[in-house]
Each structure stands twice: as structure tokens, then as C-alpha cells.
Amino acid sequence: MSQSAKVIVIVQLYARDMNIYGDWGNVLTLMQRLKWHGYSPKLVEYNPGDKFPDRVDLIVGGGGQDVGQAKIQDDIKLIAPKLKRLADEGLPMLMICGLYQLFGKFFVGQDGTVIDGIGLLDIETRAGAKRLTGNILIDSPQFGQIIGYENHSGQTTLGPGVEPLGQVSSGAGNNGHDGTEGARYKNVIASYLHGSLLPKNPQLADWLIETAVVGRYGQFTPGIIDGHFADMARQVAARRPR
Amino acid sequence: MLELPIIYAAKLVRAIAKLRGGGSALPGLFIEKLDPGFVGRTLSGLDYGVVVVSGTNGKTTTAKIAVKLLEGQGLKVFTNRTGSNFSRGVAAALLGEVDVLGRLQADIAVLELDEAHAVHFVHGVPPRYSLLLNVMRDQLDRFGEVATAAKMLASIAQATTGTVVINREDPQLLAIGQNQTDKSVRYFGLNSGLRAQFPSDDDMRSGSSSVADALPPATVVLERFNGSSAVFGLGSRMLKTDLKLTGIYNTYNAAAALALVREIMGSQLGVDRLMADLASVTPAFGRGESLLVNGLPLELVLVKNPGGFRLGLKSFVATDYQTMIAINDNFADGRDMSWLWDVDFESLQETGVAMLSGGRAYDMALRLQYDEVSVGQVEPSLSLALRQFVAANPSSPKRIYCTYSAMLALRRELAKITKVEAVS
């Protein structure tokens, strides 16, 4: 089988309702890098009521407004058992902002109302009074420096069942208090970082890709991708004020 | 009368600020602190009242068109021309217009206002008319959610004492219009055949238009558009006109202005004069304006959010032009680069982009790499980039897409090499 025939299926979770904030940047980065590494990406946009695809290699989800979150809440409970099984089996996933929160145990709003999450990640989120907004730098033991832009009023605390994605070196992070950002469980990565996250952090994108390819085909042979613009963009972004 | 010395001092501050090149709201800050009632007092008592124009995209162009049309109808119009659409900018503009006794000689005030500042403004100065253009993703790092911006526009509608004029093609604005029970609401809209050319943020990926067909009637409809001319339905009349305005989104802004002016003038509306004025209005301050550099057109297109950039790329064909893109990340530009990823740049694949500049030039280069658009040069310094861009392309017309602060800087640089319309 020639390399170009190796298909990788990416499911974009709630593409219509949880896609408010440059989240397409993450999907596009994965699709293009897969192509440039010599693989054949196939995107499946999943929306409430759809049949969840039988074949999936990577799942990506993004942010949404409160209005969008309300629309998907019932549906995500229906697919939650499947998502948990896939996570436990080591499927790579990237969940940003709104879906990061919904993958957790619950979200408590400003007025005290509790929205259940699916409990895939051992995290809790509570609405804070202030928005945590601005350029952010975090350090990850596995991925090095991760550079992005955060914009959230939810404050997330991590339970013992997850690791943080990284430690904040500049910015607020999960809650502005404990110095952590994001969460990791098996091969599920969740974060508040926009920017979008993956274009300026290709090391993270390639890890998700490699995990997906190895999971499906047993081995991954990378292509050569020009990183000059990403390097320069990272240099600039890392020096920008909050 | 104690206010007069304050007004004189503020006028002096304004004169000094103008010497530095305009676009400053320092004089407004000055008077805001010393005489907080200045704006409300000065604007009350105008015969035709105050008009507020707001929405995510198109405020400046629409306000400019409305001003021109109203002047053609015989009204003396005060407007905040600088494009500094925060409340402080309005105060600064007023300082330039009031006489020695602090009085404004005008029949009507047409103010373009940023949504967030408009909410505060309309509490002190309730407008008689408001024109709501659209609600799209814009500077989410300022507003947090699109719904927040929609709520702000709803507040403006609530505060309006006379008539609210609304874009019926925008679902969130339509809902605002349908919720107004105690005031007069009028709509402007599109012929259903044109809807596909105005994708909403949600339609961007699905490529279809989600607006339902059961829409309320509109007093002005953009019926047809073919690049340099358009047909507007005005009440029961069909009016064809050539336009100097470029692009379909500017043309739809013209429909908005027509609907507004029709409400203000009522039975006194002179339609022939109206259409003659419409045919001669040019794009506003940096929003799609065309300068001449070394005998060739150089167009500046302001981009501030995904919807605006998308419509700009659709409106202006890249073929035969050299394209430059300048992206800054100061507060007025939007500090978060995520918004670039919600714009599709594939239409630039055929020609590529000759020059990238601004503080975030490399983020833009990265964006283009992922859409497989070739990039000529990357030079973050705007003055260097502009000079190289002009020098390297002596026989092509040029177009520069730029964020707000990059546009101001480019205009200053351009003023050194060509005649640039002064921003008053």
C-alpha cells in the first residue's frame, strides 16, 4: 500500500455549534500536516443527531458561546460512553475551551446553575468574575514551550485523574491561581489556548498526528515541513505583552 | 458660562492634536473630564435629532454615505468624521464644530459608534434614529461573545426614541427588530438571489445561506449588483445607479444608508437628488479607498474581523493586482490572532501575496502557508515594507489589506509620497 493511500479520519466535534474562535485553525493544521507528511486526511464534521462514525483516528473540538453549548449538551451525553471508551483506548483528542469544560465533571455558572459535563476529564469549572484574557506562555515537559492566547471566564481546577498540559510561565492558565494550564488524560489534550493553538505549536500537532497514525498503522514516517514561518511567528508571539 | 473657558482650552488641545496627524481622541478626553455634560447638552435640541449608526462592519462607510445624502437633501449635518467611534471621539469632533458660545450649528447629528461605547452613549444622549448593520465575530478578546455584541445593539434599539432601521438579513438583528413593541422599526434587505454573497460566520464552513425566506418586507432592497452599478428597490420604485463605491458590501451599506435617509426625510425626500448623490460618493477613510501612487491605484482595505476580511476578499479580485497584507495586534486591531484562521485565503492562491507586514506579519505568513498561498516577502516594519512594495511593482495596481493601526501608519507613510485625503 503506498503511503499516500493511508487515510486518517479526523472527527470535528460539533463543527457547527462549537466553532466560534479560530478552531478551524486546529483542524486545518492537522489536515495539512497530515498531507505534507504523506497521509490522506478525511474530515468528518459531527453535529447533534448525526451518527458517530465507526472509524475515527483523531477527535478535535473547540469553543462555543453559551448558546452553542446549550445546543450540544444533550447530544454529548449520548455519545459520552463512546468518547470515554475511545479515550481509554488511547485515541488522540484535542479539546479547546468550551469542549474542554464539557469534557470535565461539571460547570457552575455565575448564577450557581450547574451544567453536567461528561466526566471524561477529572476537572471542574466554575465561572469567575473576571475574564482571563491575553497572550500566554506555558512550559510542557513533553512539548516544550506552548504559545497561545487565552480568553475565558471559566476557572478550571484539576483533580488527581489528570495532569496539566503545562505550567504557566506568563499568563493566567486554568484558574489564575495554581499555575497550571490545560489537562491531559491518556492521549486526550485539553486547553484554553487559542491563537489558534496548533499552527504556532507544530510540535503538538505532529504529536497528535503521530499518535493517530501509529494507532491506525503501527508506524509513522514524517515528511519534511518548512517551519520557518512558525518559528518566526513564535518568536514574535512570545515577546508580545499580555 | 463657566464652560466656555473649558471649551476654548479643549479647542486648543484639539488644534495641537491635529498637528500630529489626526485620529486622536485626546481633546475628547480633556473635555470629558472637565465638562461631562458637554456632549449631551450640545446635541440636544437639534431639529432632526441624533442618529446612531452601529454594528460590526460598515459603520464608517454607511455613516459617510448617510451624511452625504442628508446634506444633498438640504440638511446641515454634524458627524464624527475621524472614524474614532468611541464616545471620546464624538466629543473631540464636536469641539471642532461648536462656535465661540459652545453652540452647534446643525440640523442633525449622524454618529457612527462602536457597539460597546454606544451602549453608554445612548443613555446620556437617546437617539431619535438608530441604524443597526450587522452582528458578526469581531474582536472576541474585547467582547467575549457574539451574543454580547448583539445585546449591546439591542440596548441601542431600546434607547431609540423614534425609528430603528435594521438589516433584516442578520438573524440576530431581525430578532431585535421583532422584539421592539413600542417603537417604529424599518428594514433594509437583499434580493434573495444575492444572499449567497453574504455568508454569515456560521455559513462559512457549510457554504450555504441559512436565512429563512419568511422575512418582513424591507423599505429598501438591494436587488441587483454587477460591480460598478446596482439596482435598489426603494418602496415601490426600482432605481438603477452607477456607483463609485467598490464591492458588494459597500453597496449593501449604501442600501442601509438609503433606508435611514428615507425615514428621516419622510415625505420631503427628493429621490432624484438622493440617487445622484449616491452615484458620486467615494469609499471612506481607509475602508476601501483608492490613492494614486506613481500614477497607479493603491487601494487600502481595512480588515478587522473574519466577516469583514472575507467580504473584502470576495469584493476585490486579486488578478492583475499586487497584494500586500499588514497585520498589527494593538488593542484597536484585535490582540488575538485566532481570527485570521476563520478567513479563507484560497482566493489568493492564483496571484500569491507580494508583501506581508505589521507586527504579526509572520502569523499571517503562517496562515497563508496553510492555505497554500505563496508569500513574496515578509517585512514587519510598515515603512520599509511599503517602500519595498511600491518600488518592486512599478507597473501594477496595488491593494493593501490592513488592520486599523496598520492603516493609520500606512496612511502617514503614504502622505510622504502622495496626496492623501486629510482625516478631519
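Just so it is clear: chains get the letters A, B, ... in the order the sequence lines come, proteins before strands, and each one is counted from 1.
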What pairs with Gln178(B) under side-chain hydrogen bond (donor to acceptor under 3.5 Å, both in side chains), at least two apart in sequence or on another chain? none
Report, in residue-number order, which members of residues 321-330 of chain B are under 4.5 Å from chain A by heavy-atom distance. Asp329(B), Asn330(B)
I need the full list of side-chain hydrogen bond (donor to acceptor under 3.5 Å, both in side chains) pairs touching residues 222-237 of chain A, with sequence neighbours left out, sorted by first then second residue. Asn201(A)-Arg234(A)
Does a side-chain heavy-atom distance below 4.5 Å link Leu28(A) with Asp371(B)? yes
Quick one: OG on Ser196(A) to CG on Leu366(B), what's the gap to the nearest 0.5 Å? 9.5 Å
Near-ring test Trp36(A)/Tyr370(B), centroid separation under 6.0 angstrom: yes
Among Asp23(A), Asn26(A), Asn135(A), Leu197(A), who wins on heavy-atom pairs under 4.5 Å with chain B? Asn135(A)
Within this structure, what is the CG-CG distance for the pair Asn19(A) and Asp342(B), rounded to the nearest 0.5 Å? 6.5 Å
Part of Arg242(A) within contact of chain B (heavy atom distance under 4.5 Å): backbone
For Arg387(B), enumerate each residue passing the side-chain hydrogen bond (donor to acceptor under 3.5 Å, both in side chains) test, keeping only those at least two apart in sequence or located in another chain. none
Do side-chain atoms of Arg240(A) reach the backbone of Arg335(B) as a donor and acceptor pair under 3.5 angstrom? no
Gln32(A) versus Glu372(B), side-chain donor and acceptor atoms under 3.5 Å: yes
Hey, does Phe229(A) have a side-chain heavy atom less than 4.5 Å from the side chain of Val375(B)? yes
Identify which of Gly25(A), Ser153(A), Gly195(A), Ala233(A) forms the greatest number of heavy-atom pairs closer than 4.5 Å to chain B. Gly195(A)
